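Scroll down for the structure; my scribbles are underneath it.
Within every chain, numbering begins at 1; the chains are lettered A, B, ... in the order of the sequence lines, protein sequences first and strands thereafter. Bear in mind that the values here come from a model prediction, so they are computed numbers and not experimental data.
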Amino acid sequence: MTSTALAWFRRDLRLDDNPAWASATARDDVVALVVLEPALLAAAGPWRRRAYLSAVTGLDRSLRSCGGSLRAETGDPAEVVPRAVSETGAEVVVVNADVTRWSVERDRRVEQRLGMPIEQHWGTLVHPPGSVLTRAGGLSNVLTPFHRRWSERSLSEAVRPGSGCVVEAPDGSTPTEMLGDGLYAPWGEQDAAARFETWLDRVDSYDEERDNPATDGTSGLSAALRFGLLSPRGAAADAGTHTPGRAAFVRQLAWRDWYAHLTFEHPDIDRVSLRPEYDRIAWAEGDAADADFEAWKAGRTGYPIVDAAMRELAATGWMHNRLRMVAASFLVKDLLIDWRRGERWFRRMLTDGDIPQNAGNWQWVAGTGPDAAPYFRVFNPVAQSRRHDPEGRYLRRWLPELDRLDSRAIHAPWQAAPAELAAAGVRLGADYPAPTVDHDEARERALAAYREALTG
DNA sequence: TGGGGTTTGGG
DNA sequence: CCAAACCCC
Ligand SMILES: Cc1cc2nc3c(=O)[nH]c(=O)nc-3n(C[C@H](O)[C@H](O)[C@H](O)COP(=O)(O)OP(=O)(O)OC[C@H]3O[C@@H](n4cnc5c(N)ncnc54)[C@H](O)[C@@H]3O)c2cc1C
């Protein structure tokens with residue numbers, strides 16, 4: 001009698017070094033399934049939706065090179081998965097687990113409908129939740145001790161697919177048929193692996209280049225990690241920590257794990273401040289705040305560094321880490337708008353957007369999370385711009401209307417002399433917005449609001 | 001991976 | 001005069 005496993009792929013869209021896939025392919029036959037969940041696709045903005053569907057196509061490509069193909073179905077997993085099980089005769093469903101409340105609840109619902117437990121592995125983190133603990137036995141609320149413990153743990157060995165026969169998807173449910181031929185160019189684990197290889201040529205200068213948004217001094221691997229095209233465990237192992245650049249890169253992977261573990265422990269990370277006293281802040285609300293929020297989303301705040309970053313986000317689904325901090329700080333501290341509103345917009349628009357990383361980082365910027373920046377750390381958008389993009393190379397890329405301003409004026413056009421603006425062809429309020437807020441006043445307003453929440 | 005203001009100490 | 005140190009938020 002042959003044994004059949006159903007491997008249900010979610011955000012682990014690769015075959016190599018994938019614990020769930022390795023286990024599933026230890027059976028005689030294995031069915032590979034992706035469920036296109038309407039709720040998830042609706043929540044994703046255009047960039048992440050495209051990336052996800054391309055990654056699904058890429059997974060199908062990988063499966064075809066082992067003689068099978070991917071079965072893709074649309075619907076609620078609680079309906080789709082049990083149906084696929086009964087159609088294929090699979091006796092086990094194998095997954096890599098995820099940390100969000102949404103995915104935990106989904107898997108519980110599926111198990112109920114299946115009438116049996118799902119076989120769970122971990123394949124989207126370097127170390128799974130619950131495996132990195134302080135002496136007291138809990139999850140650290142401070143990154144540094146977490147990182148130390150995390151580094152002390154040895155990395156598990158890479159796992160390889162077993163020899164199970166990969167089943168072909170039935171007619172009508174291959175990604176090509178589901179998504180349309182050629183609409184989504186395959187983006188797969190080979191692409192992620194190739195990108196990682198070229199990153200290893202540059203990783204040694206990461207610690208020096210990472211804060212410069214005008215150059216691609218970072219790995220650009222976040223979307224591949226988001227969808228599991230790259231094994232984070234493998235990335236940490238292959239990079240090593242023997243140079244400062246490599247150590248800094250691997251530390252970022254620890255940061256990623258930390259936010260995932262925190263999310264597993266605090267499923268409401270996107271809804272409540274992990275330091276609850278900060279939920280007493282009197283955020284700006286009403287028409288004026290709504291107008292500020294719209295200006296921020298559209299890149300019309302009048303602060304070039306914020307506007308360039310927000311325009312890049314909307315146009316590409318990407319934003320450099322330094323700019324994420326600056327743009328998020330601007331929304332929270334300068335506009336005094338609830339971090340949750342910004343978090344939702346970022347999550348929708350970012351190709352790499354996910355709840356643990358996005359909400360964790362927003363809580364860090366807003367000062368509401370564990371080990372977050374203290375609330376009185378307020379970024380000055382002009383100072384950040386001068387420090388990290390001194391020539392305005394990045395600004396010019398996204399704000400062509402300011403290109404003729406020199407590298408002194410471009411960071412704060414409203415401070416330039418009228419003649420200088422005229423010579424550069426910039427009419428503030430017409431070609432480019434006048435600043436929506438005065439940073440010095442806004443900073444005082446934010447400090448007062450935070451202080452009030454903490455003391456009053 | 002904060003910034004604004006002030007003081008201090010060498011030039 | 002200026003950078004660094006220091007305090008505070
Ligand atoms: C307000 C805000 C929102 C963010 N939202 C997201 C998000 O939705 N999804 C996301 O993946 N990252 C998010 N980040 C973290 C970080 O900005 C991105 O991971 C990074 O810019 C991705 O570029 P990279 O792959 O070139 O990173 P690299 O600098 O090359 O870092 C390597 C990897 O480490 C991880 N990493 C790096 N920085 C962080 C960090 N600060 N926190 C956690 N993990 C990190 C990422 O997986 C990244 O791919 C956010 C940061 C901020 C400040």
Side chain of A:D211 - closest among C:dC9, B:dG3, B:dT1: B:dT1
Value in whole Å for how far the C1' atom of B:dG2 lies from CZ of A:F330: 16 Å
Contact under 4.0 Å: A:N380 side-chain N or O vs B:dG4 OP1/OP2: yes
B:dG3 OP1/OP2 closer than 4.0 Å to side-chain N/O of A:R387: yes
Protein-nucleotide distance (A:D438, atom CG; B:dG3, atom C1'), rounded to Å: 15 Å
Nucleotide of B:dG4, B:dT1, B:dG2 approaching A:F376 most closely (side-chain heavy atoms): B:dG2
Atom-to-atom span, CD of A:Q363 to C1' of B:dT1 - whole angstrom: 17 Å
A:E37 and A:R106: CA distance, side-chain angles, deciding distance, salt bridge (charged side-chain N to carboxylate O under 4.0 Å, His left out) verdict: CA-CA 11 Å; A:E37 301 173 56; A:R106 171 192 59 189; 2.8 Å; yes
Pairs where residues 419-436 of chain A contributes a residue and the test side chain to side chain donor-acceptor pair (under 3.5 Å) is met, not counting sequence neighbours: A:D307-A:Y432, A:R408-A:E420, A:R427-A:D431
Rounded interatomic separation in angstrom, taking CZ from A:R386 and P from B:dG3: 12 Å
Ion pair A:D238/A:R246, N-O distance below 4.0 Å: no
Check: A:Y259 main-chain N/O paired with A:Q357 side-chain donor or acceptor under 3.5 Å: no
Rounded distance in Å - CZ (A:R377) to C1' (B:dT1): 7 Å
A:Q252 side chain near B:dT1 phosphate (N/O to OP1/OP2, under 4.0 Å): no
Sequence-distant partners of A:A309, side-chain contact (heavy atoms from CB on, under 4.5 Å), two or more places apart: A:M319, A:L323, A:Y394
Base of B:dT1 paired with side chain of A:R210 (donor-acceptor, under 3.5 Å): yes
Sugar-phosphate only, base, or nothing, as touched by A:E444 at under 4.0 Å among non-hydrogen atoms: nothing
Integer-rounded Å distance: C:dC9 P and A:I281 CD1: 17 Å
Integer-rounded Å distance: C:dC9 P and A:D440 CG: 18 Å
Length of the OH-P vector between A:Y375 and C:dC8, whole Å: 13 Å
From C:dC9, B:dT1, B:dG2, nucleotide with atom closest to A:W255 side chain: B:dT1
